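Remarks on the structure that follows.
As the structure is a computational prediction, the values presented were derived from the model and not from experiment.
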Amino acid sequence: MDYDVIVAGIGGMGSATAAELASRGARVLGLERAGIPNDRGSSHGVNRIIRLAYAEDPRYVPLLRRAYARWRDLEARSGERILVTTGGLDIGRPDSETVRGSLASARSHDLEHELLDAESLLERFPGFRLPAELVGVYQPDGGFVLSERAIASYARLALDAGADLRGYEPLSDWRADGDGVVVRTGNGTYRARRLVISAGAWLGKLIPDLATLAVPERQVLLWSQTLRPERYAVGVFPIFILDVAEGLYYGFPEFGIPGLKIGRMHYRRQVVDPDTWERSAFEPDDEAVLRAATSRYLPDADGAALTRKSCLFTNTPDEHFIIDRLPSAPQVVVVSPCSGHGFKFASVVGEIAADLALSGTTYHDIEMFRIDRFAGGGPT
C-alpha cells in the first residue's frame with residue numbers, strides 16, 4: 001500500500017481527520033480539489049457558530065462537549081486563537097422548535113442557561129428589537145469557531161506530523177480492491193488500506209448511491225454595517241438563532257471583517273451543482289431575504305452591505321449527519337456532518353473518522369448518523 005489512509009476533501013472535517021490520523025502515526029494522503037483552505041465549499045466566511053444547548057437534538061450535546069475540548073486542544077497545539085466565546089441566544093416563540101429544542105438539550109444535559117422574556121433580553125442586548133411574544137434561551141458557552149483558521153491550523157499539524165497534503169488534486173474515482181482501495185486523480189493512482197470521503201457537496205458525485213441523500217444547496221451570507229457598533233461588538237453581543245415568521249436566521253457579533261454577519265437557514269432552497277454554480281453571482285432578491293430580518297429585528301445593524309459571500313450546504317433528508325462506514329465497501333468511511341450545522345463538530349469528527357478508519361469503530365455514540373437509517377434510500 002502507498003498509504004494507510006487517503007482523505008478526500010481537506011475542508012473542516014478532512015483537515016481534522018488528516019491531522020488526527022497523522023498524529024497517530026498513520027501514513028496519510030490528503031487530496032483537495034481547490035486550495036487549503038479555500039472559498040469553494042462550506043467553510044469560508046470567517047467563522048461558524050458553536051453552541052451547547054443544541055435545539056436540533058439533545059443527542060448532539062456529548063459530541064459538542066468533546067468538540068469544545070478539542071478546539072481548545074487545537075488552540076494549544078497551534079498557538080492560534082480558534083474558539084471565541086460570546087454567549088448564545090436561541091430566540092423564538094415559546095412553542096417554537098428552536099426554543100423548545102434548546103431548552104430540552106439544556107435541561108436533559110444540565111447545561112447552564114437562562115430563559116429570558118423579550119423585555120429582559122432587550123435590556124441585556126439592546127442591539128435587538130423584538131416583539132413581546134418572543135423569548136430567548138441564553139447559554140453562556142455559545143460562540144464561534146474561526147473556520148478558515150481552524151482548517152489551516154489542522155493542515156499545518158497534519159503536515160508537521162508527516163501527512164502528504166495536495167491541493168488542486170481532486171479525487172477522480174475510486175474502487176474497492178480486496179480490503180483496501182485504489183484511488184485515481186489527474187496526477188496518478190494511489191493505493192491505501194482505507195479511504196475517508198469528506199468531500200462535502202461533492203459527496204454524491206464520488207458515491208453516486210448517496211446522491212439523493214447529500215444534496216448541495218446555495219447559501220448566502222451578508223455583512224451589514226452596524227449603525228451602533230458598540231451594540232454589536234464581541235463581549236457585548238452574542239451569536240444568535242432567530243426563529244421568526246420570516247424564517248430561521250443566524251448571526252454573529254462584528255468580528256474579523258466589518259459588519260454584523262447574518263444568514264438564513266436553507267435560504268431560498270436553491271439546489272445547485274457544486275461544479276457549475278456561480279459563487280460570485282448574486283441575485284436581486286438575495287439581500288432582501290436577509291434584510292427582512294435585520295430591518296425588523298436588528299435595526300441598528302441594518303446599514304449598507306459591506307460584504308456578501310455564498311457557500312454550500314449539503315443536506316440530508318432528515319438534516320442529521322452521515323458518519324459511517326460504507327455498507328457496500330466498509331474500507332470507506334463517509335464523513336458528512338452537513339445540512340448547515342456541521343462545522344462546529346469538525347474537531348471531534350476528525351477523532352471519530354480516524355477511529356473508524358484505523359479500527360472500524362469508535363467510542364463516540366454515532367448511531368443516529370448511520371447510512372442505513374434511510375431505508376431504501378442508500379446502499380444496503
Side-chain angles (χ1 to χ4, degrees), residues 48-49 51 53-57 86-106 113-139 142 144 215 217-228 231-232 237-253 259-271 282-305 308-311 313 315 317-320 339-341:
R48 294 294 184 271
I49 284 174
R51 51 202 163 89
Y54 216 60
E56 287 80 352
D57 196 299
T86 64
L89 277 171
D90 292 316
I91 301 170
R93 292 178 179 272
D95 61 349
S96 66
E97 290 185 9
T98 295
V99 170
R100 289 188 295 105
S102 180
L103 285 173
S105 284
H113 69 283
E114 299 175 72
L115 180 60
L116 304 174
D117 61 23
E119 183 179 358
S120 300
L121 196 155
L122 295 177
E123 182 178 348
R124 190 178 303 188
F125 305 109
F128 289 104
R129 178 192 294 165
L130 300 174
E133 66 268 19
L134 298 187
V135 300
V137 181
Y138 179 75
Q139 213 277 317
F144 55 81
V215 179
E217 176 189 33
R218 176 177 179 265
Q219 185 74 4
V220 172
L221 301 166
L222 172 70
W223 283 255
S224 59
Q225 181 182 359
T226 53
L227 308 177
R228 297 283 300 274
R231 293 185 168 183
Y232 299 101
F237 192 76
I239 61 96
F240 65 88
I241 308 295
L242 179 64
D243 189 348
V244 288
E246 292 84 352
L248 183 62
Y249 294 86
Y250 56 95
F252 303 71
L260 175 122
K261 177 183 176 182
I262 189 167
R264 177 182 168 182
M265 287 295 291
H266 302 304
Y267 198 57
R268 298 169 65 193
R269 299 282 180 179
Q270 294 174 303
V271 174
F282 293 92
E283 301 172 9
D285 292 341
D286 280 342
E287 196 170 314
V289 171
L290 302 175
R291 294 285 185 185
T294 56
S295 63
R296 182 175 181 186
Y297 304 105
L298 299 147
D300 289 330
D302 193 38
R308 295 184 301 191
K309 291 184 182 292
S310 58
C311 66
F313 282 4
N315 299 318
D318 61 7
E319 298 189 7
H320 296 305
S339 299
H341 63 112

Around E283, counting heavy atoms of other residues, nucleotides and ligands shown, do more than 12 lie under 6.0 Å from its CD? yes
(Q) Contact between E217 and V271 at the side-chain level, heavy atoms closer than 4.5 Å - yes or no? (A) no
* Side-chain (S224) to main-chain (A301) donor-acceptor, under 3.5 angstrom -> yes
In short, P299 meets L227 closest at the heavy-atom pair O-CD1, 3.9 Å
Heavy-atom closest pair (S105 atom, A53 atom, distance to 0.1 Å) is CB-C, 4.0 Å
Q. Do L121 and V135 have side-chain heavy atoms sitting under 4.5 Å apart?
A. no
Evaluate E56 against E319 for side-chain contact (heavy atoms from CB on, under 4.5 Å), listing each step before the verdict. CA-CA 9 Å; E56 287 80 352; E319 298 189 7; over 6 Å; no
In terms of heavy-atom contacts, R48 and F252 come closest through C-CE2, 3.7 Å
The reported gap from CG in L122 to CG in D117 (rounded to nearest 0.5 angstrom) is 9.0 Å
Here the gap from E246 atom CD to S295 atom OG, rounded to the nearest 0.5 Å, amounts to 8.0 Å
(Q) Between K261 and L221, is there a side-chain heavy-atom distance shorter than 4.5 Å? (A) yes
For R264 and L290 the tightest heavy-atom approach is N-CD2, 3.7 Å
| Should R268 and D286 count as an ion pair when the cut-off is N to O under 4.0 Å? | yes
- Side-chain heavy-atom pair H266, N315 within 4.5 angstrom cut-off: yes
Please determine whether side-chain contact (heavy atoms from CB on, under 4.5 Å) holds for the pair Y267 and R218, giving the CA-CA distance in whole Å, both sets of side-chain angles, and the decisive distance to 0.1 Å.
CA-CA 8 Å; Y267 198 57; R218 176 177 179 265; 4.0 Å; yes
**Q.** Note, R296 side chain near R129 side chain (heavy atom, < 4.5 Å)
**A.** no
Tell me, do V244 and L130 make a side-chain contact under 4.5 Å, heavy atoms counted? no
dist D302:CG -> Q225:CD (nearest 0.5 Å) comes out at 10.5 Å
* Check whether more than 12 heavy atoms from other residues, nucleotides or ligands sit under 6.0 Å from atom CD of E119, and answer yes or no. => no
Original post:
Hey, what's the ring geometry for H341 with Y54, parallel, tilted or perpendicular (30° and 60° as the breaks)?
Top reply: tilted
Rounded to the nearest 0.5 Å, the CG atom of L89 sits from the CD1 atom of I239 at a distance of 7.5 Å
Looking only at heavy atoms, the pair that brings A304 and R291 closest together is C-NH2, 3.6 Å
query = Are D95 and V99 close enough that some pair of their side-chain heavy atoms sits under 4.5 Å apart?
reply = no
Check your understanding: Is the distance between the ring centroids of F125 and F240 under 6.0 Å?
Key -> no
All heavy atoms of A293 vs all of I262, minimum pair found to be CB-CD1, 3.9 Å
dist T98:OG1 -> R93:CZ (nearest 0.5 Å) comes out at 13.0 Å
* Would you indicate whether the side-chain heavy atoms of R51 and I49 approach each other to under 4.5 Å? => yes
d(S96 OG, E133 CD) to nearest 0.5 Å is 11.5 Å
Working note: L103 + H113, criterion side-chain contact (heavy atoms from CB on, under 4.5 Å); need CA distance, chi angles, decisive distance, verdict. CA-CA 8 Å; L103 285 173; H113 69 283; 3.9 Å; yes
Paired with F128, the ring-ring contact (aromatic ring centres under 6.0 Å, His included) test is passed by just one of Y297, Y249, F237, Y232, namely F237
